[in-house]
Structure formats: structure tokens, C-alpha cells
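Heads up: the structure comes next, in C-alpha cells.
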Amino acid sequence: MEKVLEISHLNTEFTTEQGIVKAVRDVSFDLYKGEILGIVGESGSGKSVTMYSLMGLLPANGKVVSGQVKMNGKDISRTSFENDKQYDEMMTKVRGKDIGMIFQDPMTFLNPVLRIETQLVEPLVNHTNMSRSEAHARAIELLKLVGIPSPETRIRQYPHQFSGGMRQRIVIAIALACNPGIIIADEPTTALDVTIQAQILELISELMDKGNMSVIMITHDLGVVASMCDRIAIMYGGKIVEIGSDREIFYDAKHPYTKGLLRCVTDPEKDDVELEPIPGTPPDLLHPPLGCPFVDRCSEAMKICKVKMPPTEKFSDTHSACCWCHQKEKLGHV
Amino acid sequence: MSDKVILSVEHLKTYFDVTPGMFSKKKIVKAVDDVSFDVYEGETFGLVGESGCGKSSLGRTLVKIYEPVEGKITFDGSDISKLKGKELAGFRKEMQMIFQDPYASLDPRMTVGEIVKEPMDIHNLYATEEEKRDKVVELIKTVGLKPDHIRRYPHEFSGGQRQRIGIARTLALNPKFIVCDEPISALDVSIQAQIINLLEKIQRERGISYLFIAHDLSMVKHISDRIGVMYMGHMVECGSSDEVYRNPHHPYTKALLSAIPIPDPDVAKKRTRIMLQGEIPSPINPPVCCPFCTRCQYATDRCRKEMPQMKQVENSQVACFLYE
């Protein structure tokens with residue numbers, strides 16, 4: 001399969017008053033053409049920061065320390081550019097054109113004082129050779145595509161005149177404007193009600209069927225992941241601890257954190273079982289543990305887990321996990 | 001769970017006047033409109049619905065943060081809907097509330113010990129400071145925190161731990177009934193399960209009844225004995241949690257259930273969702289008709305003219321003309 005995005009050994013740090021926070025630690029993954037890759041993790045696990053790092057959208061105190069990002073073979077990593085200016089110039093052409101983004105809260109993403117039309121036409125005029133009138137026609141077409149009724153009149157309205165679900169549809173329309181090959185959706189349905197969430201997820205699946213898009217979907221909802229994603233990466237403490245196909249993650253999880261996470265969610269289809277929460281709280285990334293980030297909450301922790309980062313073990317072409325428990329035979333005496 | 005009704009709500013109405021100016025046409029939001037249900041001793045009654053359906057307003061009316069416009073709330077045999085002043089303060093001891101946002105519901109300038117002790121001071125529960133202190137330590141241990149946490153401030157704790165502090169404060173008065181208003185929706189998945197298990201443990205040990213308000217249907221199903229489904233201020237279906245989940249009657253309940261994401265890829269990817277068209281209409285000055293008629297695929301002329309009443313259908317109560 002064709003790789004549209006390759007991320008290797010990405011490290012991102014934030015400088016804060018308390019010290020340096022290592023928010024993303026050695027993250028590597030690929031995105032293939034036509035797939036939905038789910039990135040699952042708790043708040044603070046680094047899933048959003050990973051995306052902001054590869055989009056060049058980090059706040060002023062954040063910095064990509066090392067690592068490479070390749071889009072369709074082209075190097076778009078911050079570390080390959082000499083200064084921020086050159087990098088920003090390059091990324092401005094990429095963002096919205098090659099990679100579209102859908103954010104969690106549509107009300108903060110949309111500009112409240114601009115008409116929907118202005119916000120939809122802007123990326124089209126900036127990134128393509130379209131004239132204003134062509135862009136206007138395309139904008140109406142986009143609103144139709146995302147299921148907004150009477151787009152000709154609604155395009156003249158402001159964001160506050162739309163409901164939450166409709167606003168998220170507009171955000172999706174803006175992300176799709178230039179037919180990007182890659183969409184990054186950061187918690188696209190978290191702020192929405194379940195029935196509206198179902199509508200938006202259905203819309204994303206329909207759009208996937210129509211175009212040759214690849215989607216990275218960041219979420220904490222395992223239910224959403226199960227119904228949408230082809231492959232799933234589990235993040236914890238700034239690292240990807242396990243990655244695999246949907247069935248490999250849900251039915252054959254290898255990492256203790258993934259297993260624990262699956263025991264924390266209720267499946268309403270099945271009879272009630274006692275929930276087994278993961279004890280403790282996520283690690284403080286100001287002082288991350290030397291070894292495995294999950295060591296303090298893990299029931300299978302060994303001595304070595306505390307001091308050394310576990311290597312990645314491959315179980316199949318798609319499935320791998322980072323845990324010492326799969327290295328027991330190799331470790332022998334430990 | 002016993003057969004004794006601890007809380008009985010009859011035809012409760014909570015309205016808000018949102019008229020923008022003196023001379024404008026009157027605008028009324030009917031947040032809770034003619035809702036009736038009972039909660040038994042030691043049971044968990046789950047309340048589900050989408051944002052704006054009035055589930056939180058209902059919870060807040062029960063603990064008398066909001067005044068009902070009409071209707072009767074009977075708690076432990078006495079009518080509390082008209083209580084005021086001292087009598088109301090006495091009743092508040094019996095019914096407490098856990099809030100959604102553990103970041104907003106704890107005073108940042110008070111230590112954990114002070115937060116948990118404050119309700120005891122207000123209600124003069126114990127004679128000496130020593131007794132109070134012992135009780136605080138006991139509560140802190142009950143909710144799974146360490147005694148040396150007492151001197152710390154809320155900002156030193158994570159979301160899940162803060163929610164535990166909130167629960168300890170709630171338990172300080174030994175209430176018989178707790179309204180849990182989305183207690184887990186601000187927490188991470190692995191922490192949610194911790195809080196749910198804690199709430200279940202407290203219920204087993206103390207026999208407290210819960211009104212559990214949430215929009216996460218799978219968690220509500222897990223924790224509740226019975227479930228009420230709300231839509232635009234009305235209760236549209238009510239029954240045991242298994243019955244509501246396995247055998248839903250109201251078209252809205254059916255759509256809501258089919259929209260729950262199921263954490264199992266084989267099941268989730270094959271499932272067909274009932275897609276509801278449109279969104280919840282504005283709750284300002286709603287017409288007298290079935291609240292769901294604008295989005296319902298079975299809606300008839302009658303639904304657009306009359307309001308359906310709750311009727312017994314099999315083992316649940318349903319407000320829908322389809323079952324007449």
C-alpha cells in the first residue's frame with residue numbers, strides 16, 4: 001500500500017516555568033492511502049501535540065526537537081529547515097491544500113465575525129487558481145456535500161446562526177475545500193451529542209467512500225474508533241505503546257495499557273461485568289519515568305520496566321507493541 | 001434496592017423566563033415540562049438525553065437549586081417542593097449533589113480538609129473539632145485518597161482525584177440521596193471506571209439512592225437499575241435499564257441507542273444506525289405537540305397536534321401515540 005504520510009522518531013518538547021515537558025517521545029507511524037488511522041489516548045498522552053507538531057501549529061513554547069515527517073515522499077519536517085520563516089512559508093502551502101484539519105470545537109475554529117462564505121472561499125482562492133465566482137460555486141457545492149440544507153442562503157450567514165452539528169459540518173467543508181489527500185480530525189465529535197455524532201461519523205464515512213482520502217482521527221472514545229478506524233495507535237505518556245489493525249487491537253491486545261483500557265469501557269450489548277479500572281494516574285511528563293511510561297500503573301511490571309525503555313516487538317506486519325513482557329524469553333534471567 | 005419509594009416526582013415543571021427586554025414578547029424555556037417518576041431506596045435512576053433536554057435542570061430542581069413552577073416533589077414522605085429557609089436547610093442534609101466539572105466545583109483557596117469539613121460546620125453535625133477531623137480522615141480514606149492529602153489544595157490533584165474530593169464532601173452529611181450530574185464526563189476513560197466503581201461501592205455500603213445524569217448511554221446502562229429518557233423537557237420513556245436497552249419503544253430511544261458507539265469493531269462496523277434527521281428544535285415557546293415530531297419518521301398529524309402522555313407499554317412507560 002502507498003504511504004501518504006511517514007512520521008519517524010518525532011520528539012516534541014515544551015519549555016515551561018517548571019522545566020521541559022517531553023510531550024511527544026520518539027513517535028513513528030505511517031499513514032496509508034485510503035485508510036482511517038485512529039489515535040487513542042487519554043488527555044495529556046500527546047496525541048494532539050503529535051498532530052500539531054507535524055502540522056507546524058505548535059504554540060511558541062513548543063518545539064520539534066528531532067524527527068522526520070514525509071508527505072508523499074516530500075520532506076516537510078521542521079528539522080530539515082534552517083529557520084521558522086522558511087518552514088512556515090512551506091507549511092502555509094501545505095496546510096489546507098494537502099492536509100486538511102478538523103478541530104474539536106467548531107465555535108473556536110470558525111471566525112465569528114466572518115460569513116461562512118468568506119471562510120470557505122479563503123482557502124480556495126489562496127491555494128488554487130480559482131476566481132472568486134468559481135470559488136463561490138465550489139463553496140456551495142461543498143456545503144451541499146456535507147449536507148447543509150439550502151446552501152445558497154445559508155452561505156451568507158454567520159457561524160452563530162448554525163447549531164453545533166451544522167458548524168462541525170462547515171468545518172468539515174472547509175477542510176475538504178481543496179480536495180486534500182490527508183485529513184487530520186482532532187476529536188471531531190467530542191463536543192457533539194450522540195445522535196449528532198452519529199450523523200457526523202456517517203458523513204465522514206460517506207466522504208471516505210467518494211474520495212481517495214486518508215484520515216487520522218484523534219479520539220479518546222474507543223466506541224468511535226471501533227466503528228470508524230482501519231488501524232489504531234494507542235498513545236500513552238507521549239509514546240505510541242501499541243499499533244495494529246482494529247481487530248488486532250480489540251481482540252488481541254498485547255500491551256497491558258491497551259488491555260486495561262478495553263476493560264474500562266462498557267459494551268452495552270453485553271451483560272454487565274464489573275469494570276476494572278486502571279489504578280493510579282498518567283505520568284507527569286515533566287519528570288517522565290526512565291523506563292516504560294506505564295510502569296507505575298501496570299500490574300505486570302518487572303524490575304527492568306522501571307529503568308529501561310522497552311523495545312518494539314512486532315507480532316504481524318501491522319501489529320506491534322512496546323512492552324518488556326514480550327521480551328521475557330530473550331531477557332532470560334531478569 | 002427496596003420497595004420503598006424515597007423520591008417521588010409528580011408533574012414537575014421548571015420554566016425559565018428568557019424574555020430579552022421589558023417590551024418584547026414573552027419567551028419561556030420549558031426546561032422540565034410535566035415530568036413524573038419515582039426513585040426507590042438504594043437504587044440508581046439514570047437520566048439520559050442530549051444537551052439541552054433538561055436533565056440537569058431536573059436534577060437541580062430536585063435539590064432545590066431551581067424552584068419548580070408547578071408539581072410536587074415528595075422526599076422520604078414529605079413534600080419538599082415548597083420548602084424554604086430553615087426547613088430547606090434541614091432537607092439539604094438528606095439530598096446532596098456531585099457536579100460535573102471537578103475543576104469548577106472545588107474552592108481553590110480551601111484545603112481538601114476544609115472542603116470536606118465545611119458541610120459539617122454548616123449543619124453543626126459533630127460537637128467537637130476532633131470528631132470532625134476524624135470523620136474527614138475517614139471520608140478521605142473511603143474515597144480512596146490518603147490522609148496526608150488533607151492539607152493540600154485542589155490544584156495539586158488530577159481530575160479524577162478532584163472528583164473523589166467532591167464525593168467525600170457530598171458524603172460528609174450522610175445523605176440518603178445523591179444527584180450525580182455528569183460526574184464522569186470530564187474524566188478520562190481509565191479514570192471514569194475508577195469513579196463508577198467508587199460510586200457503586202458507596203451505594204453498596206451505605207444504601208444511598210442515586211439520580212445519575214449523563215449523556216454516555218453505555219455508562220448509564222452499566223450503573224443504573226432504571227433509566228428515564230428525556231427529550232426537550234419531557235420524559236419520553238422510562239423502565240428498567242435492561243428493558244429500555246434491549247426492548248426500546250419510543251422512536252427517540254431507538255435512535256439514541258443505535259447511535260451509541262460500541263467498542264467492538266466486528267459489531268460496530270456491521271451495525272446499521274438509525275439516522276435522525278435534523279437536531280433538537282429550540283426549546284423557547286415550544287408548540288403543544290409531541291416534542292419529537294419534527295425528527296420522527298413515524299410522525300402523523302396527531303403527533304403534531306396533541307401531546308402524548310406516558311402509558312404503560314409492556315414493562316416500560318412510553319409517551320408515544322404509536323402504542324395506542
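Letters A, B, ... mirror the listed sequences (proteins, then strands); counts begin at 1.
Both the backbone and the side chain of B:Ser51 come within contact range of chain A, with heavy atoms under 4.5 Å apart. Both the backbone and the side chain of B:Met219 have a heavy atom closer than 4.5 Å to some heavy atom of chain A. Proximity to chain A is limited to the side chain of B:Leu217, based on heavy atoms less than 4.5 angstrom apart. Heavy atoms closer than 4.5 Å to chain A are found in the side chain of B:Ile196, but not in its backbone. When heavy atoms are compared at a cutoff of 4.5 Å, A:Arg263 does not approach chain B at all. Heavy-atom distances place both the backbone and the side chain of B:Asp266 under 4.5 Å from chain A.
Panel note: side chain A:Gln199, backbone B:Leu276; a donor-acceptor pair is recorded below 3.5 Å. Using modelled atom types, no side-chain atom of A:Tyr251 and backbone atom of B:Asp264 make a donor-acceptor pair closer than 3.5 Å. Side chain of B:Lys221 to backbone of A:Asp267: no donor-acceptor contact under 3.5 angstrom is found. For A:Glu42 (side chain) and B:Val189 (main-chain N/O), no donor-acceptor pair under 3.5 Å exists by modelled atom type.
The shortest side-chain heavy-atom distance between A:Val194 and B:Ile260 does not fall under the 4.5 Å cut-off.
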task: Would you please test A:Ser227 and B:Arg271 for side-chain contact (heavy atoms from CB on, under 4.5 Å) and show each step?
output: CA-CA 9 Å; A:Ser227 54; B:Arg271 200 162 65 128; over 6 Å; no
- request: Evaluate side-chain contact (heavy atoms from CB on, under 4.5 Å) for B:Glu50 paired with A:Leu192, printing each intermediate quantity in order.
  value: CA-CA 9 Å; B:Glu50 295 176 88; A:Leu192 306 173; over 6 Å; no
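Of all the listed residues (A:Leu222, A:Leu201, A:Asp246), the one sharing the greatest number of non-hydrogen pairs under 4.5 Å with chain B is A:Asp246. Note on B:Pro265, B:Ala268, B:Ala193: by heavy-atom pairs under 4.5 Å with chain A, the leading option is B:Pro265. Chosen from A:Met228, A:Gln197, A:Arg247, A:Glu276, the residue pairing most often with chain B at heavy-atom distances under 4.5 Å is A:Arg247. With chain B as the partner, the residue from A:Gly164, A:Pro282, A:Gly280 showing the most heavy-atom pairs under 4.5 Å is A:Gly280.
For the pair B:Lys269 and A:Cys229, the tightest heavy-atom approach, listed with the atom from each and the gap, is NZ-O, 2.5 Å. For the residue pair A:Thr281 and B:Ile191, the shortest heavy atom distance occurs at CG2-CD1, 4.5 Å. Of all non-hydrogen atoms in B:Pro261 and A:Asp221, the two that sit nearest each other are CG-OD2, 4.1 Å. The two residues B:Ser190 and A:Pro277 have their closest heavy-atom pair at O-CB, 3.9 Å. The shortest non-hydrogen separation linking B:Asp188 to A:Ser43 is OD2-OG, 2.7 Å. Of all heavy-atom pairs spanning A:Ala226 and B:Ile262, the tightest one is CB-O, 3.3 Å.
Atom CG of A:Asp209 has more than 12 heavy atoms from other residues, nucleotides or ligands within 6.0 Å. For B:Tyr298, the OH atom is loosely surrounded, since the number of other residues' heavy atoms within 6.0 Å does not exceed 12. Within 6.0 Å of NZ on B:Lys27 lie no more than 12 heavy atoms contributed by other residues, nucleotides or ligands. Sparse packing is recorded around NZ of A:Lys22, with 12 or fewer heavy atoms of other residues, nucleotides or ligands lying under 6.0 Å away.
Considering OH of B:Tyr231 and OG1 of A:Thr195, their distance stands at 7.5 Å, rounded to 0.5 Å. How far CG of A:Asp284 is from OG of B:Ser158: 11.5 Å, rounded to the nearest 0.5 Å. Between A:Cys264 atom SG and B:Gln194 atom CD the span is 8.0 Å, to the nearest 0.5 Å.
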